[in-house]
Protein chains: 2
Amino acid sequence: MAVAMREANAGEGLTERQGAVLEQALRLLVDGGEKALTTAGIARAANCSKESLYKWFGDRDGLISAMIGFQASKVRTQDVAARALDAESLKRHLIVFAKDLLEVLAGDVSLALNRLAIGQASRDGSKLGHMLQERGRRQIGRRAAALLEAGRKAGLLTFDDADEAYGALYGLIVSDWHLKMLLGEEAGEMKKGFGRKAEQAVSAFLSLYGTKR
Amino acid sequence: MAVAMREANAGEGLTERQGAVLEQALRLLVDGGEKALTTAGIARAANCSKESLYKWFGDRDGLISAMIGFQASKVRTQDVAARALDAESLKRHLIVFAKDLLEVLAGDVSLALNRLAIGQASRDGSKLGHMLQERGRRQIGRRAAALLEAGRKAGLLTFDDADEAYGALYGLIVSDWHLKMLLGEEAGEMKKGFGRKAEQAVSAFLSLYGTKR
DNA sequence: TGCGAACCGTACCGTACGGTACTGATCGGG
DNA sequence: CCCGATCAGTACCGTACGGTACGGTTCGCA
């Protein structure tokens, strides 16, 4: 077999050619929605043949799964080593987290993939939904959990159930913005309100779960 | 013209026959997702002809719009006359609101219609999305706004921006449950946690926006 | 230089869907 | 008892998509 895969891309077993194809597929999806995500369209946009698509990804579902995996592999969440945490730096970290979360959720590709997975949730037994949840959500959830745990260890936060606290933080940050964007509300003008929104949410969260001073 | 419409159904200009057809269409959508929502399938399920479907609703989009309007017209939110509000009754009302909100969002038809609208958000300029927002969301939003305003008038709540307060309430109640359900997470086992979830959210909301005692 | 693998481009096939046209049955009013 | 309207059922048409097959080309390798 000599060299099974020539160039490993982003932790997946993908040729960089295949990565480029997935990139084009994501572009098509972002620009035109699921309707535009046809095998012929992808082949045309990526200058490859349909035959290659089926050889590499099996079928259309496999290709979509590969798209989700590919995109997830590109968005790596860096865990901020949260040592020497005081009230001020905790708040700063939380605000950064909130802004990042809003930015991620408002991203073109994220919205398009979520729309795709939601649209197929009834047909495929929510396979894509679970994949999106596992590969995307879990990552940022872990980052938040680490941050909250560090705050608790430092005596800055008090909570019994970490999941409950994270749920409150998430809800305060996101509210119904994500759904509105998924439904097609123009995300452009929303984005400029992210900073204020993030600070408000973190303030509220801290007055709920912060230790009194 | 004598009798233009024989029986007005739920405030829409719909024959009850047409309402029955929309009912069947909703059932198909709930059971099989968007893929199952074909004109031939609807005609078969409702024992009517495709020709009648096109005569009544124009085209497939018109039929889907009619489905949304039909469903929205069935879910009327009763405004609780919030007079004589004290701290206890406000909390009770808020908890009832929270439970209702979670129940509505977890409903079969609501999830199916939201999935449909989200899936088409990229194709149709989010026409369905806006419709869903206007006909569904706004209703329950107004109910919450009235409740919050009554609480403020009674000196039980303090906030400057009602929308901000409502956003916090909504986020605390819903968190990421709605998205998880849209993505296909099994809603059955979730529902039994709604009561506790609602009470926690309202408690948090009151400790944020309630007047100190 | 010759061979084989990978691959692009395209043509092709079966199917399924949106939308239209036609036929026959039912039913209310004159 | 007949007329016109409505509608169910079905056949039909054009299109578009998923998936497959084939000819021609490039490229690595012996």
Side-chain angles (χ1 to χ4, degrees), chain A residues 1-9 13-25 28-29 31-67 115-116 119-120 122-124 127-128, chain B residues 1-9 13-25 28-29 31-67 115-116 119-120 122-124 127-128:
Chain A
M1 60 177 60
V3 183
M5 59 196 67
R6 274 175 285 239
E7 324 194 27
N9 183 313
L14 294 177
T15 312
E16 75 172 13
R17 177 87 178 97
Q18 294 167 6
V21 169
L22 294 179
E23 200 81 55
Q24 290 301 316
L28 279 181
L29 178 64
D31 290 348
E34 183 191 353
K35 192 195 79 175
L37 199 66
T38 74
T39 54
I42 296 170
R44 203 177 320 120
N47 287 327
C48 75
S49 70
K50 289 171 66 175
E51 197 171 20
S52 300
L53 291 182
Y54 287 100
K55 170 180 291 188
W56 293 334
F57 306 109
D59 59 1
R60 189 171 182 268
D61 279 359
L63 192 139
I64 293 175
S65 297
M67 287 169 63
R115 289 201 186 105
L116 182 61
Q120 305 222 329
S122 321
R123 331 186 191 187
D124 65 355
K127 178 170 151 289
L128 294 183
Chain B
M1 58 174 62
V3 184
M5 58 195 69
R6 273 175 286 240
E7 325 197 24
N9 185 313
L14 293 177
T15 311
E16 77 172 10
R17 177 88 178 94
Q18 293 167 7
V21 169
L22 294 179
E23 200 82 55
Q24 289 302 315
L28 279 181
L29 177 65
D31 290 348
E34 183 192 352
K35 193 196 80 175
L37 198 67
T38 75
T39 55
I42 296 170
R44 201 178 319 117
N47 287 327
C48 74
S49 70
K50 288 171 65 175
E51 197 172 21
S52 301
L53 290 183
Y54 286 101
K55 171 180 289 187
W56 292 334
F57 307 108
D59 61 0
R60 189 171 183 269
D61 280 358
L63 192 138
I64 293 175
S65 298
M67 288 168 62
R115 289 199 186 106
L116 182 60
Q120 305 223 329
S122 321
R123 328 186 193 188
D124 64 356
K127 177 171 152 288
L128 294 183

Undergrad: Quick one: are B:L37 and B:R60 in side-chain contact, heavy atoms under 4.5 Å?
TA: yes

Undergrad: Using whole Å, what does the distance between atom C1' of nucleotide D:dG18 and atom CG of A:D59 come to?
TA: 9 Å

Undergrad: Without decimals, in angstroms, what is the distance between A:D61 CG and D:dG18 P?
TA: 10 Å

Undergrad: Among residues 31-44 of chain A, which contact DNA chain D at a heavy-atom distance under 4.0 Å?
TA: A:L37, A:T38, A:T39

Undergrad: Can you tell me the distance, in whole Å, between the CG atom of B:N47 and the P atom of D:dT10?
TA: 11 Å

Undergrad: Run the side chain to side chain contact (heavy atoms under 4.5 Å, CB included) test against A:A36 and tell me which residues pass, sequence neighbours left out.
TA: none

Undergrad: Go through the side-chain N and O atoms of B:S65 and B:K127 and say whether any donor and acceptor fall under 3.5 Å apart.
TA: yes

Undergrad: For A:A66, give me all partners under side chain to side chain contact (heavy atoms under 4.5 Å, CB included), at least two apart in sequence or on another chain.
TA: A:L22, A:F57

Undergrad: Nearest-Å distance, CD (A:Q120) to C1' (D:dG18)?
TA: 13 Å

Undergrad: May I have the distance from A:R123 (atom CZ) to D:dC17 (atom C1'), rounded to whole angstrom?
TA: 13 Å

Undergrad: Do any N or O atoms from the side chain of A:T15 and from the backbone of A:Q18 form a donor-acceptor pair under 3.5 angstrom?
TA: no

Undergrad: Short of 4.0 Å, heavy atom to strand atom, which residues of residues 48-57 of chain B count as contacting DNA chain C?
TA: B:K50, B:E51, B:Y54

Undergrad: By salt bridge (Lys or Arg N to Asp or Glu O under 4.0 Å), which residues pair with B:D31, not counting sequence neighbours?
TA: B:R27

Undergrad: Taking atom P of C:dC8 as reference, at what distance in whole Å does atom CD of A:Q18 sit?
TA: 10 Å

Undergrad: Which pairs, with at least one residue in residues 39-53 of chain A and sequence neighbours excluded, count as a side-chain hydrogen bond (donor to acceptor under 3.5 Å, both in side chains)?
TA: A:S49-A:S52

Undergrad: Going from CD1 on B:I64 to CD on B:E34, what distance comes out if it is rounded to the nearest 0.5 angstrom?
TA: 6.5 Å

